[in-house]
Asker: 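Attaching a single structure in structure tokens format; questions to follow.
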Amino acid sequence: MADVLLTADRTLMSNYHSNEFLGFGTCAPPNFIPEWFYSFLFFPPIKANKGIPSAAPYGLRKTEAQLLKEGFDVITVSPDHIEEHINEAKVVGIHTMDPFGLGPASSTLAAIFKKEPYLAKYFHILMNNPAIKKAKKRGLKVIVGGPGAWQFLYRQKFVEEHAIDCIVEGEAENVIGKIFRAALDGADIPKYYEVSLRETPALEEIPDIVHPSINGLVEIGRGCCRGCEFCNVTLRPLRWYPHEKIQREINLNVNSRKVSGCCLHAEDVMLYGSKNTSPNEEKLTRLHEFVVKKHEGGISWSHCSLAAVASNPKLFSKIAEIILQKQAWWGAEIGIETGSSELAKKIMPAKAHPFKAEDWPQVVRTGMGIMHDNKLVPACTLIVGLPEEKEDHIIKTMELVDDLKHVRSFIVPLFFVPLGRLKREDWFKRTEMNDLHKQLLFQCVEHDFHWVDNLLDLSFKGKWYGRFLREVYKGFAGIAKRKVRQIE
Ligand code: SF4
């Protein structure tokens, strides 16, 4: 029995059938598929032994590693097994990603379908766990953190009702030790702790994870140099992990035999090790050669930029060749945001760098074409309802989406959420959608339906259970397609 328990809700404690793309399914609200079957399809629970999950979200593993390094008695438990471990615990640390469904993807779907998304539903289930409630009565402290921590500022009533003791926002390696220590000692802890820039950890202060991360996700760097106005990440300094550090975490995941595959995580994997917006060929190649040599389970990227791909197509093809030795495709999340060069210049002037901001739509076409040719399947985001958006900007975005119809990809329009330097702006709401917004939404849905079968064929190719699961997902996509067409 440990003093400190760490956990996360069911939608985060899943390996999404070893396909991070499927994790997007947690952003949807309950729908025409029975919940038990939907959760099986999109967020099956991670395997656990006596309540200890075989893998956990990477951010939670970093917290665990930091607390272990500082000598805490800590274990990570599955949300379905908390009651078996909570009796002796004095503090519970909860990792969050999008606890109230206020993130761009979930808030857009919630606004359209007027229902709470699954990820918010399961966070509520965790917070209402009777074992936690009972332990609170004897003095258990609850501390929450993770990328979703900012959302608690919008849900003060929830914080009070659930007696959350502390919310930690930001890169917390340098502060969580003292907060957890104070909680264990019964000392005062702040209700809300925003990690300052001064407290942001340097590379050498970030510990290696000590237990496997879901889908073998490993961070290769933090921060981003492009400075988009609407983004939180850019407020933190850019740091790339040395190759040896990444290698250690990959080895840990591989040697555990509990995860297959590897997801390289950074805001722009193409820029690994680079000091500017031009990729570093030697570092990027070395990293990928190492990962492919180590892994049988396939590689994915969390994010990459179209500009970096378009700036060096030869290098991108070389990296693709390395990755495709063992797999048919790989995925990454890509920010297109707008098809308007005027708007791009205003809100994300460096997103196209080393190209000019006004060339943004062309950078997108070029980058997407290169990805298509090299079998990277991007999940692209657009932002709908940016503060300075005009009708002409939406039309430009629709023209761009039209130009991309031959590119194997998903394109998802998301309502503007005030973050980063735009955090004082208003949220974009469903009621503010004009006809052009609606047309853009349906245009993207049609684009995605066009490509979904192709992607399912690629995803399940060569897997023994492939035919069955592929048909199930195709059936789901078919029903969704019919429903959307009815709405259209
Ligand atoms: S490129 Fe992406 S991560 Fe970087 S500042 Fe822009 S939106 Fe944020």
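In what follows, every heavy atom counts, from backbone to side chain, and hydrogens, waters and symmetry copies are set aside.
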Asker: Between Ile94 and Thr7, does a side-chain contact (heavy atoms from CB on, under 4.5 Å) hold up when you go through it step by step?
Answerer: CA-CA 5 Å; Ile94 297 176; Thr7 192; 4.1 Å; yes
Asker: Treating Asp268 as the side-chain partner and Ser305 as the backbone partner, does any N or O pair qualify as donor plus acceptor under 3.5 Å?
Answerer: yes
Asker: Does the pair Asp185/Lys90 count as a salt bridge with the N-to-O cut at 4.0 Å?
Answerer: no
Asker: Taking the side chain as C-beta and beyond, is there a heavy-atom pair between Lys375 and Ile323 under 4.5 Å?
Answerer: no
Asker: Keeping Arg138 on the side-chain end and Asn87 on the backbone end, is there a donor-acceptor pair under 3.5 Å?
Answerer: yes
Asker: Mind telling me whether His162 and Phe158 have parallel, tilted or perpendicular rings, with 30° and 60° as the class edges?
Answerer: parallel
Asker: Ignoring hydrogens and angles, tell me if any N or O in the side chain of Trp360 forms a donor-acceptor pair with the backbone of Ile336 under 3.5 Å.
Answerer: yes
Asker: Side-chain contact, heavy-atom cut-off 4.5 Å: His243 with Phe290?
Answerer: yes
Asker: Who passes side chain to side chain contact (heavy atoms under 4.5 Å, CB included) against Glu282, sequence neighbours left out?
Answerer: Asn280, Arg286
Asker: Using a strict threshold of under 4.0 Å (side-chain N to carboxylate O), is an ion pair present between Glu64 and Arg61?
Answerer: yes
Asker: Is any side-chain N of the basic residue among Arg421 and Glu229 closer than 4.0 Å to the acidic one's carboxylate O?
Answerer: yes
Asker: Are the side chains of Thr26 and Met97 in contact, using a 4.5 Å heavy-atom criterion?
Answerer: no
Asker: Which heavy atom of Lys326 sits nearest to which heavy atom of Lys293, and what is that distance?
Answerer: NZ-O, 3.9 Å
Asker: Looking only at non-hydrogen atoms, find the nearest pair between Asp98 and Leu119 and report the distance.
Answerer: O-CD1, 3.1 Å
Asker: Sort out for me which residue in Arg222, Lys62, Lys69 forms a salt bridge (charged side-chain N to carboxylate O under 4.0 Å, His left out) with Glu173.
Answerer: Arg222
Asker: If you count heavy atoms of other groups shown closer than 6.0 angstrom to CD of Glu432, is the number above 12?
Answerer: yes
Asker: Under 3.5 Å, is there a donor-acceptor pair between the side chain of Ser54 and the main chain of Lys47?
Answerer: yes
Asker: Does NZ in Lys346 sit with more than 12 non-hydrogen atoms of other residues, nucleotides or ligands closer than 6.0 Å?
Answerer: yes
Asker: Please confirm whether the backbone N or O of Ser196 pairs with a side-chain atom of Glu199, one donor and one acceptor, at under 3.5 Å?
Answerer: yes
Asker: What pair of heavy atoms forms the shortest contact from Gln325 to Ile322, and how long is it?
Answerer: NE2-O, 3.1 Å
Asker: Looking at side-chain heavy atoms only, is the closest gap between His17 and Pro44 below 4.5 Å?
Answerer: yes
Asker: Give the C-alpha distance, both sets of side-chain angles, the deciding distance and a yes or no for side-chain contact (heavy atoms from CB on, under 4.5 Å) between Phe410 and Phe24.
Answerer: CA-CA 12 Å; Phe410 287 121; Phe24 279 110; over 6 Å; no
Asker: Which residue in the set Cys263, Pro57, Ser18 passes side-chain contact (heavy atoms from CB on, under 4.5 Å) when paired with Ile214?
Answerer: Pro57
Asker: Aromatic ring centroids of Tyr118 and Tyr38 under 6.0 Å?
Answerer: yes
Asker: Might you confirm whether atom NZ of Lys356 has over 12 heavy atoms from other residues, nucleotides or ligands at distances under 6.0 Å?
Answerer: no
Asker: Enter the distance from Ser409:OG to Met371:CE here, rounded to the nearest 0.5 Å.
Answerer: 10.0 Å
Asker: Check this for me, if you would: do Lys318 and Glu281 make a salt bridge, where the nitrogen-to-carboxylate-oxygen distance has to be below 4.0 angstrom?
Answerer: yes
Asker: Would one find more than 12 heavy atoms of other residues, nucleotides or ligands at under 6.0 Å from atom CD of Glu205?
Answerer: yes
Asker: Around atom CZ of Arg424, are there more than 12 heavy atoms from other residues, nucleotides or ligands closer than 6.0 Å?
Answerer: no
Asker: Between His85 (side chain) and Lys50 (backbone), is there a donor-acceptor pair under 3.5 Å?
Answerer: yes
Asker: How far does OG of Ser78 sit from CD1 of Ile46, to the nearest 0.5 angstrom?
Answerer: 9.5 Å
Asker: Is there a side-chain contact (heavy atoms from CB on, under 4.5 Å) between Lys136 and Lys141? Walk through the geometry before answering.
Answerer: CA-CA 7 Å; Lys136 282 270 354 158; Lys141 295 275 193 299; 5.6 Å; no
Asker: Answer whether the closest heavy-atom distance between the side chains of Trp427 and Leu102 falls below 4.5 Å.
Answerer: yes
Asker: Is there a donor-acceptor pair closer than 3.5 Å between any side-chain N or O of Lys191 and the backbone N or O of Val159?
Answerer: no
Asker: Is the number of heavy atoms from other residues, nucleotides or ligands within 6.0 Å of NZ (Lys345) greater than 12?
Answerer: no
Asker: Are Leu264 and Trp330 close enough that some pair of their side-chain heavy atoms sits under 4.5 Å apart?
Answerer: no
Asker: Atom CD1 of Ile209 and atom OG of Ser256: how far apart are they, to the nearest 0.5 Å?
Answerer: 8.5 Å
Asker: CD1 of Ile347 to CG of Leu386: how many Å apart, nearest 0.5 Å?
Answerer: 4.5 Å
Asker: Heavy atoms, side chains only, cut-off 4.5 Å: are Glu84 and Val77 in contact?
Answerer: no
Asker: State whether the side chain of Asn374 and the backbone N or O of Leu376 hold a donor-acceptor pair below 3.5 Å, judged by distance alone.
Answerer: no
Asker: Could you go through the side-chain contact (heavy atoms from CB on, under 4.5 Å) check for Tyr241 and Val218 one step at a time?
Answerer: CA-CA 10 Å; Tyr241 290 178; Val218 291; over 6 Å; no
Asker: Would a 4.5 Å heavy-atom cut-off, applied to side chains only, mark Phe100 and Phe123 as touching?
Answerer: yes
Asker: Report yes or no: does Ser106 contribute a side-chain atom to a donor-acceptor pair with the main-chain N or O of Cys27 at less than 3.5 Å?
Answerer: no
Asker: Using a 3.5 Å distance criterion without hydrogens, assess whether the side chain of Thr96 forms a donor-acceptor pair with backbone atoms of Gly145.
Answerer: yes
Asker: Nearest heavy-atom pair of Glu70 and Gly177: which atoms, and what distance?
Answerer: OE1-CA, 3.2 Å
Asker: Which heavy atom in Leu217 sits nearest to a heavy atom in Asn253, and how many Å separate them?
Answerer: O-ND2, 4.0 Å
Asker: Nearest 0.5 Å, please: how far is CD1 in Ile176 from CD in Glu171?
Answerer: 12.0 Å
Asker: Grab the two heavy atoms, one from Glu249 and one from Glu219, that are nearest each other, plus how far apart they are.
Answerer: OE1-N, 4.3 Å
Asker: Hey, could you give me the CG/OG distance between Leu60 and Ser213, rounded to the nearest 0.5 Å?
Answerer: 11.0 Å
Asker: Would one find more than 12 heavy atoms of other residues, nucleotides or ligands at under 6.0 Å from atom NZ of Lys178?
Answerer: yes
